[in-house]
Amino acid sequence: MEQRTPGAAIVLNGTSSAGKSSLLRALQDILPGGPWLDVGLDHTLRALPREFLTSRWKDVFEYTYADDGTVCAVRPGPVGNQLVDGMHRAAAAYQACGFNVILDHVALTMDWATGCRTVLISPVIVGVRCAVETVEQREAGRKDRTLGQARAQHAAVHTYLTYDLEVDTAIDTPTECAAYIRQRLAERSATRG
């Protein structure tokens, strides 16, 4: 088997509706050395059978609801934990084959954060920040999100990871945020080269 130089990894960590998917697409458009594969949480969740996205969703994520019906707490279920472990390992396998990878992530637990740092090969960890009011507006405008999910994730998602770079999607466009990340990758490459 051919020996390959491992690919790079970028982890975009933030709440639901923080703008990670738009940022990921902007990165795929501007980053050199491609292709940059989308192997993150949104992509991984879409791989599940419909049953787990509907009647068995609690096996993936367990929600606690407020009296008004919005989500007030989110924690991973057993399938969610297994899925994220597999996502980290799959991304690392792509890296080992020479592919660059980008993971959109919602690191809700210490185990998930540890997996980012220890399973992936030299990842660049990016905190994707966005004011809770803005993510709630975005969430309300989307038809594929559970109301309250972003607020429920907001407190925990930035707790467990130390970032190499942070961007704020309420202030900057996805293209601007992608340019910041590209610059950081170039600086990192220059210091290692």
Side-chain angles (χ1 to χ4, degrees), residues 7-46 74 84 87-88 91-92 94-95 99-110 112-142 144-146 148-193:
I10 300 171
V11 176
L12 305 174
N13 184 56
T15 66
S16 173
S17 300
K20 298 183 306 291
S21 296
S22 297
L23 176 52
L24 190 150
R25 286 189 297 277
L27 285 166
Q28 286 178 313
D29 289 343
I30 69 163
L31 288 177
W36 286 82
L37 303 181
D38 171 2
V39 293
L41 189 59
D42 284 348
H43 180 77
T44 303
L45 287 171
R46 285 191 293 274
V74 179
V84 167
M87 176 184 74
H88 292 153
Y94 279 122
Q95 282 187 275
F99 285 104
N100 300 314
V101 297
I102 306 172
L103 289 79
D104 65 273
H105 214 313
V106 183
L108 292 175
T109 70
M110 181 60 82
W112 288 15
T114 300
C116 286
R117 285 279 184 210
T118 61
V119 177
L120 298 172
I121 303 165
S122 300
V124 173
I125 310 289
V126 179
V128 181
R129 303 269 186 184
C130 189
V132 71
E133 297 80 16
T134 304
V135 293
E136 285 180 323
Q137 288 172 353
R138 292 174 182 174
E139 186 177 69
R142 298 171 76 171
D144 64 344
R145 293 293 185 258
T146 303
Q149 177 176 272
R151 179 176 284 276
Q153 294 170 345
H154 206 267
V157 75
H158 297 294
T159 301
Y160 304 107
L161 282 170
T162 302
Y163 297 124
D164 298 300
L165 172 69
E166 295 184 39
V167 295
D168 190 327
T169 63
I171 297 170
D172 296 312
T173 67
T175 301
E176 291 167 334
C177 292
Y180 299 144
I181 296 166
R182 180 180 178 163
Q183 179 63 34
R184 177 57 59 93
L185 289 172
E187 291 166 1
R188 188 180 192 190
S189 179
T191 60
R192 289 184 176 189

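These numbers come from a predicted model, not from an experiment. The analysis underlying the following values was restricted to heavy atoms, covering all of them including side chains, and did not include hydrogens, waters or symmetry mates.
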Please round to the nearest 0.5 Å and tell me the distance separating atom CG of D168 and atom OH of Y180. 10.0 Å

Is the side chain of E166 donor-acceptor paired with the backbone N or O of G127 at a distance under 3.5 Å, no angle test? no

Which atom pair, heavy atoms only, marks the closest approach of L161 to A107? CD1-CB, 3.9 Å

Apply side chain to side chain contact (heavy atoms under 4.5 Å, CB included) to D104 and D38, showing your working. CA-CA 8 Å; D104 65 273; D38 171 2; 3.9 Å; yes

Applying side chain to side chain contact (heavy atoms under 4.5 Å, CB included), run through L12 and I102 and close with a yes or a no. CA-CA 7 Å; L12 305 174; I102 306 172; 3.9 Å; yes

Would you please classify the geometry between the H88 ring and the H105 ring as parallel, tilted or perpendicular, with 30° and 60° separating the classes? tilted

Output the distance between atom NZ (K20) and atom SG (C177), rounded to the nearest 0.5 Å. 13.0 Å

Of all heavy-atom pairs linking S21 and D42, the shortest is OG-OD2, 3.0 Å

Taking every heavy atom of A26 against every heavy atom of P174, the minimum-distance pair comes out as CB-O, 3.7 Å

Does H43 have any ring pair (Phe, Tyr, Trp, His ring centres under 6.0 Å) partners at least two apart in sequence or in another chain, and if so, which? none

Evaluation steps, side chain to side chain contact (heavy atoms under 4.5 Å, CB included), between V39 and Y94: CA-CA 9 Å; V39 293; Y94 279 122; 3.7 Å; yes

Minimum heavy-atom distance P32-R182, with the two atoms named: CD-NE, 4.1 Å

I'd like to know if the side chain of N100 reaches the main chain of A8, judged simply by a donor and an acceptor atom lying under 3.5 Å from each other, with no hydrogens or angles considered. yes

Distance check, rounded to the nearest 0.5 Å: I181 atom CD1 versus E176 atom CD? 12.0 Å

Qualifying residue for side chain to side chain contact (heavy atoms under 4.5 Å, CB included) with T15, from L108, V106, V157, V128: V157

Donor on one side chain, acceptor on other, Q137 and E133, under 3.5 Å: no

Regarding N13 and Y160, is there a side-chain donor-to-acceptor distance under 3.5 Å anywhere? no

Closest heavy-atom contact between Y163 and H158? OH-ND1, 2.6 Å

With sequence neighbours left out, the residues meeting salt bridge (Lys or Arg N to Asp or Glu O under 4.0 Å) with R117 are D164

Taking all heavy atoms of T134 and all of A170, pick out the closest pair and write down the distance. OG1-CB, 4.0 Å

Side chain to side chain contact (heavy atoms under 4.5 Å, CB included) partner of I10, chosen from L165, V126, L120: V126

Please walk me through it: do I125 and T162 pass side chain to side chain contact (heavy atoms under 4.5 Å, CB included)? CA-CA 7 Å; I125 310 289; T162 302; over 6 Å; no

Okay, side chain of Q95, backbone of V101: is any donor-acceptor separation there less than 3.5 Å? no

Quick one: does T169's side chain have a donor or acceptor within less than 3.5 Å of a partner on A18's backbone? yes

